[in-house]
Trainee: 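This is the structure I have questions about; it appears just below.
Numbers for residues simply follow the sequence, beginning at 1.
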Amino acid sequence: GVRSMPDDMLNIIEGMYAQRGQAPCTLDLAALASMEPAPWAWASVTGEGELVAELASAPALPGQSWSAVLRVATPTHPQLGNGVLMRMVCPMQADAATLNRAEAEEWTACNQIGAWFNESDDQSLTTFVTFLPNAMVEEGLVQNLIFHARGRVVWVKDRLQALTKS
């Protein structure tokens, strides 16, 4: 029924995420760039405080080059505060809604933290985005998500390859 007093869970953004988000993100991008084993062909930390990496390429689709660029930064979210933003940009034409649905329905061997979206009207850049507020950033989690990003590259390449054959 109707509650006379709202559930305290409704205060989780202000009571936990926003408070922890006031502290600077402690993710060490330089250490992240040199992690072993490396899931990427190369990685570099930019002067703007962002890790940019090319995920290890998989065999290309016919007529396409194939490598995904992973960008890891520590921006401030307007509600949640500081955290880690991961953007995996794939040079492919694909409908983001179709990929999101496929990930929900198929076994991808990847986590479900984040979503696909199209960065351009012609769907020529499809990006997988994940934001982790400071309250969720733990030792090893970002590294784990990076390996899942590599797995997601393989999954989406295989899925698109199967679609072009049918």
Side-chain angles (χ1 to χ4, degrees), residues 9-10 12-13 16-17 21 25 27 29 32-33 35-44 46 50-166:
M9 181 57 108
L10 298 175
I12 194 164
I13 290 177
M16 185 175 83
Y17 289 107
C25 185
L27 183 65
L29 293 174
L32 196 61
M35 73 180 200
E36 292 291 333
W40 35 59
W42 58 265
S44 177
T46 69
E50 179 180 49
L51 179 140
V52 179
E54 180 182 355
L55 292 176
S57 299
L61 295 168
Q64 290 183 328
S65 62
W66 187 270
S67 63
V69 175
L70 180 69
R71 303 179 83 87
V72 181
T74 56
T76 301
H77 185 279
Q79 267 189 304
L80 306 174
N82 295 317
V84 176
L85 176 67
M86 296 177 62
R87 298 175 66 238
M88 184 182 72
V89 182
C90 297
M92 61 183 187
Q93 286 191 309
D95 177 54
T98 301
L99 292 176
N100 285 322
R101 181 175 180 166
E103 280 208 26
E105 294 175 344
E106 298 174 17
W107 175 253
T108 64
C110 298
N111 63 59
Q112 300 294 308
I113 303 173
W116 290 98
F117 82 99
N118 293 112
E119 289 199 52
S120 56
D121 291 338
D122 67 355
Q123 299 179 347
S124 61
L125 286 179
T126 306
T127 302
F128 190 86
V129 176
T130 301
F131 179 79
L132 297 174
N134 272 356
M136 291 179 65
V137 178
E138 294 183 8
E139 182 66 35
L141 178 60
V142 174
Q143 292 87 338
N144 190 325
L145 291 176
I146 289 170
F147 280 101
H148 279 261
R150 173 64 183 108
R152 186 169 274 110
V153 168
V154 172
W155 172 80
V156 77
K157 177 200 67 77
D158 290 347
R159 188 167 205 297
L160 293 176
Q161 220 167 18
L163 289 173
T164 58
K165 289 180 182 176
S166 53

Trainee: Of all the heavy-atom pairs spanning Val72 and Met86, show the shortest one and how long it is.
Mentor: CG2-CG, 4.1 Å
Trainee: Which heavy atom of Asn118 sits nearest a heavy atom of Ala94, and at what distance?
Mentor: ND2-O, 2.7 Å
Trainee: Give me each pair satisfying ring-ring contact (aromatic ring centres under 6.0 Å, His included) with a member in residues 137-158, each pair once, sequence neighbours excluded.
Mentor: none
Trainee: Do Cys25 and Asn134 pass the side-chain contact (heavy atoms from CB on, under 4.5 Å) test, and can you show the C-alpha distance, the side-chain angles, and the key distance before you say yes or no?
Mentor: CA-CA 6 Å; Cys25 185; Asn134 272 356; 3.6 Å; yes
Trainee: Which residue pairs satisfy the salt bridge (Lys or Arg N to Asp or Glu O under 4.0 Å) criterion with at least one member in residues 69-91, sequence neighbours excluded?
Mentor: Glu50-Arg71, Arg87-Glu119
Trainee: Are Leu27 and Val142 close enough that some pair of their side-chain heavy atoms sits under 4.5 Å apart?
Mentor: yes
Trainee: Got a second to check how far Leu55's CG is from Cys90's SG, nearest 0.5 Å?
Mentor: 8.0 Å
Trainee: Between Ile146 and Pro39, is any pair of side-chain heavy atoms under 4.5 Å apart?
Mentor: yes
Trainee: Give a yes or no answer on whether the side chain of Thr130 reaches the backbone of Ile113 with a donor-acceptor pair at less than 3.5 Å.
Mentor: yes
Trainee: Using a 4.5 Å cut-off on heavy atoms from C-beta on, say whether the side chain of Arg101 contacts that of Thr98.
Mentor: no
Trainee: Would you say Glu139 has more than 12 foreign heavy atoms packed within less than 6.0 Å of its CD?
Mentor: no
Trainee: With the side chain counted from C-beta on, respond yes when Asn82 and Thr74 share a heavy-atom pair under 4.5 Å apart, and no when they do not.
Mentor: no
Trainee: Could you point out which residue of Val156, Asp95, Leu99, Val89 forms a side chain to side chain contact (heavy atoms under 4.5 Å, CB included) with Thr126?
Mentor: Leu99
Trainee: Side chains of Val153 and Met88, heavy atoms from C-beta outward: is any pair under 4.5 Å?
Mentor: yes
Trainee: Can you name the nearest heavy-atom pair linking Gln143 to Leu32, along with the distance?
Mentor: CG-CD1, 3.7 Å
Trainee: Do you know the tightest heavy-atom contact between Leu85 and Val129?
Mentor: CD1-CG1, 3.8 Å
Trainee: Please tell me if the side chains of Tyr17 and His77 come closer than 4.5 Å, counting only heavy atoms from C-beta onward.
Mentor: no
Trainee: Any chance you could measure Glu138, atom CD, to Leu141, atom CG, to the nearest 0.5 Å?
Mentor: 6.5 Å
Trainee: Quick test of your reading: applying ring-ring contact (aromatic ring centres under 6.0 Å, His included), list the pairs with at least one residue in residues 80-121, sequence neighbours left out, ordered by first then second residue.
Mentor: Trp116-Phe128
Trainee: Does the side chain of Glu54 come under 3.5 Å of the side chain of Trp42 through a donor N or O and an acceptor N or O?
Mentor: yes
Trainee: Donor-acceptor pair, distance only, cut-off 3.5 Å: does the side chain of Asn144 make one with the backbone of Gly140?
Mentor: no
Trainee: Return the CG to CD distance between Asn100 and Glu105, rounded to the nearest 0.5 Å.
Mentor: 11.0 Å
